[in-house]
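Beneath this line is the structure, given in C-alpha cells, with notes to follow.
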Amino acid sequence: MRDLIIRTFVLLFASAMIAAILVKSDNHSSAMNLNADNNPLLAKWEGPYGGVPPFDRVQIPLFKPALEAAMAQQLAETQKIADNPAPPDFENTIVALERTGRTLDRVSTLYYVWSSTMNSPEFQVVQREMEPRLAGLLDQIFQNEPLFKRIEAVYNSPAKAKLKPEQQRLVWLYYTNFVRAGARLDANAKKRLSEINQQLAGLYTNFSQNVLAEETDQFIVLKSEAELAGLPQSLRDAAAAAAETKKQPGTWVITNTRSSIDPFLTYSDRRDLREKAWRMFINRGDNGGEHDNNAIITEILQLRAERAKLLGYPTHAHWRLENAMAKTPERAMELMEAVWKPAVARVHEEVADMQALADKEGAKIKIEPWDYRYYMEKVRKAKFDLDQNEVKPYLQLEKLREGIFWVAGELFNFNFTPVTNVPVAHPDIRVWEVTDKTTKKHIGLWYFDPYARAGKRSGAWMNAYRTQERINGEVTTIVSNNANFVKGKPGEPVLISWDDATTMFHEFGHALHGLNSNVTYPLVSGTAVARDYVEFPSQLMEHWLSTPEVLQRFALHYQTGKPIPQELVDKIKRTSTFNQGFGTVEYLSAALVDMKLHLAGAQKIDPDAFERETLAQLGMPKEIVMRHRLPHFLHIFSSDSYSAGYYSYLWSDVLTADAFGAFVEGKGPYDRAVAERLRKYIFSVGNTVDPAEGYRAFRGRDPKIDALMKKRGFSPKS
Ligand SMILES: [Zn+2]
C-alpha cells in the first residue's frame, strides 16, 4: 500500500482554517514585527505561473519567526471576521474565512517540504517547538465562540437554500468541522481539549522522529561476496552506494528502510542475514532506549479516547469515521472481515506452495516470515516462469514517467513540458508545466522528487504546494510526487521494479486528482476529500500501467530500446493474482489492528500485548507480520490523519476495482466517454459533492465488492 501525505491540516481544513496563534511564547511580539522584507518565507510567491514557492530562499532559522508571524496574521484575520458588526452571511463569514491564512499556507508549504524531504537535527528542533503550537492555533480558532456563532447562523439561515450546491456543502463543512473540533463545548472542556491536542502534536512529532532515527542509525553491513549471495547487480550497486553514504567504504550496506529491506529479503540466499534484516526492520521503534515508541503509543491512545469522549463520541474511531464515506467503524469492519477470511485461506495455500518447493530443494526448513518473499519469488519462477529481474530492464524510471504523462494526455488531455525557471529545494528535483493539449491553457505545475536522500522520509507520496481555487480570480495548482528510488550512476538509467512502477502510477493518480480540480473554494479543492475516498483516484490510475498501449510505447529495454515482449507481458498478466494472499493479509492485519485499537476506549493499552493478542484472535498466519507494526506505524501515530483510517485503502480499492469495470464494459481503458465521466464526477469535483453521490453519477449505481474479490483472486465464499 502506498502513502498519501498531505499536510494534515491542509487536507482537513484547507488554507482558510489553519487559524490563529497560540501565544504561549513570550517572544511573540518580536515575531509580529517581522514582514516579507526581513523574512523571505513570508513574501508573496513571485515568478511565473502566478508565483512559485521560493525554495531557494529557505534557511532553517527563518522558519520559526515566519510561522509565528503568519500564525499571528491568521489570528488577526479570523478575529476580524468574528468581530464584524454586520449580520453574518455566506460572503462576510464563510468566504471571508476562505480568504484567511494565506501567508501561513505559504510558509507551511515550505515547512512541510523540509519536514518530509530535507529533515535534519537543526530542523527537528523547530518541529518539536512548533508542532504543538500549530495544533493550539487551530483550537484557538475552533473555540472562538463569536466566530462559531456566525458560522452557525449562516448554517441555520433560510438563505442557505438559495446558495449553489458547492456553497451549501462549504457551509456544512465549516459548521461540521467546528462542531467536530469542539466548538459547542463549555469553557472547561474546550481548555482540556486544547491541552490534549497540543500534547498529541508533541507526541506525534516524537513518534516520527524516533522512527526516522532508527531507520537512519540502524543498518546491516555486508563485508564479503559470501554475504552478497543471491543479490542481483542492481541491489549490489545500491548497497555499495548506501555504504558510501553511511561512511562504510569497501562494504555493502542494507539500510533499515522498506526500499532496501524488501529486495534484500526477496533475493538474499543467506537465510541468517534475511532473519537479521527482517528483525531489524520489524522492530523499528520497539528496541527499548531513547527511540522506543511503546510508551508514546499508550499515551496517544489514552488522549485520543479522552478527546472522543469529550466530543461526545463512543470512541476515537467513531469520531474519525463520522464524515468518511464509511460513516461508521462497523461498516469499515464489515468490509475488512469480508475480505480477511478468503485472504487468510489464500495465504495458507501460498505457504503450502513455498513449503513444497523448499522441501523439494532439500532446504530442511519451515517457512518463517523472513523466508516469505524469498520463496514467493522462487514459486513465481517455478509456477509462471517469471523472473522479476527479467522485467526490470524494461522499466526505466524516465520512460515510465513519459508513460504516465502520455496516459494523462489520453484521459485528461494534459500536456507536460519541462521547465527550469523555478527554484527547487534540492538539485534532484525537476518541474513540468501542465497545459491543456487543445487550448494550451496553463493547468498547473508538477514537481518530481524521485530519489532517496538523507533527511527524506521513506515511501512515496503526493503533496499539494498550492490548491486550485477561484475566489479572487483563477489560482492554479502546484503538486508534487515524491519517491525514494536509488539514484543510478551518472548517465545510466534508473531501473525499477513492477511494484515501484505501480507506485509511480498511484502517486501520479493523486497528482492528477489535484491537477483536474475545478472548484471555487480552497477548502473543497483537489484531494481534500474524505480519507477513505482519496485513495480511489490514485489506485485507479495503477490500472493503466499494464495496458498494452503503455507497455509497448514506454516499457522499453534500457539497452536495446525494444518494447517488452508480449510473452513477458502475458506472464505478468497471469501472475496478477499471485501472492495476493500475502499482500492482502499483510495490509489488512494492520488495518484491523488500527481499527480495533481505536475502538478499545479509554483502557490503558500495552501496544505489544494488544498487537499480539489481536492478531492471535484474528488467526493471523504466523508466516506474515503486519505491514506496519505499531511501534513504527506512522500512518496512525504521526498525526490523526490515517488513525482508525488505514482501512481506507481497501475501502477505496472496492471503488477502484468497480470503477475500472466501467472502462472494461466500455471501449477499454482509453474510452474517451468514460474518461470524461471520470473527470466530470470524480477527478474535478474535489469535495464539492458527497463522494457516494459522485461515484453514483460516474458509475450509474453504487459500488459492488465483486470486482475487488475478482481482482485479488479471492472467492467470497471461501
Ligand atoms: Zn495514495
Side-chain angles (χ1 to χ4, degrees), residues 2 231-238 259 262-263 266-267 373 376-411 416 448 450-451 460 481 483-489 491-509 512 538-580 583 656 660 663-664 667-671 711-713:
R2 286 111 201 148
L231 303 186
Q233 194 56 44
S234 60
L235 271 185
R236 292 176 183 221
D237 291 347
S259 55
D262 280 0
T266 306
Y267 294 111
R373 288 176 191 275
M376 167 183 103
E377 215 38 52
K378 290 190 170 216
V379 172
R380 192 197 310 266
K381 202 148 193 278
K383 254 194 167 170
F384 302 97
D385 188 29
L386 179 66
D387 181 346
Q388 294 278 65
N389 287 320
E390 254 180 88
V391 182
K392 226 174 167 179
Y394 295 96
L395 301 177
Q396 305 176 53
L397 176 66
E398 295 303 320
K399 285 284 168 213
L400 289 165
R401 178 186 50 69
E402 288 171 28
I404 51 182
F405 286 175
W406 181 82
V407 171
E410 292 299 301
L411 297 182
F416 290 76
F448 188 40
Y451 304 123
N481 279 163
N484 274 281
F485 297 114
V486 179
K487 203 175 172 179
K489 290 178 189 152
E492 275 184 26
V494 175
L495 302 178
I496 66 177
S497 68
W498 184 264
D499 278 356
D500 284 340
T502 308
T503 302
M504 264 185 91
F505 274 65
H506 176 103
E507 297 308 333
F508 194 67
L512 289 173
S538 54
Q539 291 185 152
L540 184 62
M541 290 312 298
E542 296 175 19
H543 285 266
W544 273 264
L545 168 62
S546 58
T547 61
E549 289 85 347
V550 165
L551 295 177
Q552 278 158 18
R553 285 178 178 82
F554 303 100
L556 307 177
H557 195 282
Y558 78 105
Q559 284 164 326
T560 66
K562 291 215 173 93
I564 186 166
Q566 190 56 41
E567 190 204 343
L568 201 48
V569 174
D570 291 342
K571 279 189 203 168
I572 294 170
K573 277 228 168 92
R574 278 200 293 276
T575 60
S576 72
T577 60
F578 176 70
N579 205 41
Q580 286 285 346
T656 301
F660 193 68
F663 286 92
V664 176
K667 292 181 194 147
Y670 298 93
D671 187 320
K711 176 177 162 185
R712 297 191 183 212

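Only this structure's heavy atoms are used, side chains among them; waters, hydrogens and symmetry mates stay out.
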(message) Test your reading of the model: is there a side-chain donor-acceptor pair from Arg401 to the backbone of Leu397, 3.5 Å cut-off?
(response) no
(message) With a sphere of 6.0 Å drawn around NZ of Lys381, does it hold more than 12 non-hydrogen atoms of other residues, nucleotides or ligands?
(response) no
(message) Measuring from atom CG of Leu386 to atom CZ of Arg380, what distance do you get when rounded to the nearest 0.5 angstrom?
(response) 6.0 Å
(message) If I take atom CG from residue Asp499 and atom CE from residue Met504, how far apart are they, to the nearest 0.5 angstrom?
(response) 14.0 Å
(message) Is it the case that atom NZ in Lys399 sees more than 12 heavy atoms from other parts of the structure closer than 6.0 Å?
(response) no
(request) Might you point out which heavy atoms bring Thr266 and Glu377 nearest each other, and give the distance in Å? (result) CG2-CG, 3.6 Å
(request) May I ask you to decide if Glu507's main-chain N or O and Asn481's side chain share a donor-acceptor pair within less than 3.5 Å? (result) yes
(message) Using modelled atom types and a 3.5 Å cut-off, is there a donor and acceptor pairing between side-chain atoms of Ser497 and backbone atoms of Asp500?
(response) yes
(message) Rounded to the nearest 0.5 Å, what separates atom CZ in Arg712 from atom OG1 in Thr577?
(response) 12.0 Å
(request) Output the distance between atom OG (Ser546) and atom CD1 (Ile572), rounded to the nearest 0.5 Å. (result) 8.5 Å
(request) Kindly determine whether Phe485 and Phe448 satisfy ring pair (Phe, Tyr, Trp, His ring centres under 6.0 Å), including the steps that lead there. (result) CA-CA 12 Å; Phe485 297 114; Phe448 188 40; 7.5 Å; no
(message) One pair to check against ring pair (Phe, Tyr, Trp, His ring centres under 6.0 Å): Tyr670 and Trp406. What are the steps and the verdict?
(response) CA-CA 11 Å; Tyr670 298 93; Trp406 181 82; 5.3 Å; yes
(message) I'd like to check Val494 versus Tyr451 (side-chain heavy atoms, cut-off strictly below 4.5 Å). Are they in contact?
(response) yes
(request) Please tell me if the side chains of Phe416 and Glu402 come closer than 4.5 Å, counting only heavy atoms from C-beta onward. (result) no
(message) I need the Asn389 CG to Tyr267 OH distance, nearest 0.5 Å.
(response) 4.0 Å
For residues 558-570, which side-chain N or O atoms pair as donor and acceptor with protein atoms under 3.5 Å away, sequence neighbours left out?
unit_1, atom_1, unit_2, atom_2, d
Thr560, OG1, Lys562, N, 3.1
Gln566, NE2, Asp570, OD1, 3.0

(request) Check Leu512 against Ala408 and note the closest heavy-atom contact, atom names and distance. (result) CD2-CB, 3.7 Å
(request) State, with a plain yes or no, whether a side-chain heavy atom of Leu556 is found less than 4.5 Å away from one of Gln396. (result) yes
(message) For the backbone of Phe384 and the side chain of Lys571, can you confirm whether one donor and one acceptor N or O come within less than 3.5 Å of each other?
(response) no
(message) Please report whether the ring centroid of Trp544 lies less than 6.0 Å from that of Phe663.
(response) yes
(request) Using modelled atom types only, decide if a donor and an acceptor are shared between the side chain of Arg236 and the backbone of Leu231 within a distance under 3.5 Å. (result) yes
(message) Looking at every non-hydrogen atom in both residues, tell me the closest pair between Thr656 and Lys711 and how far apart they are.
(response) CG2-NZ, 4.0 Å
(request) Please report the shortest heavy-atom distance between Leu400 and Ala501, naming the atom on each side. (result) CD1-CB, 3.8 Å
(request) Please say which of Thr502, Ile404, Leu411 ends up in a side chain to side chain contact (heavy atoms under 4.5 Å, CB included) with Met541. (result) Leu411
(request) For His543 and Thr547, work out which heavy atoms get closest and say how close. (result) O-CG2, 3.8 Å
(request) Check step by step if side chain to side chain contact (heavy atoms under 4.5 Å, CB included) holds for Phe578 and Val379. (result) CA-CA 10 Å; Phe578 176 70; Val379 172; 3.9 Å; yes
(request) Please answer whether the main-chain N or O of Thr503 pairs with a side-chain N or O of Glu542 as donor and acceptor at a distance below 3.5 Å. (result) no
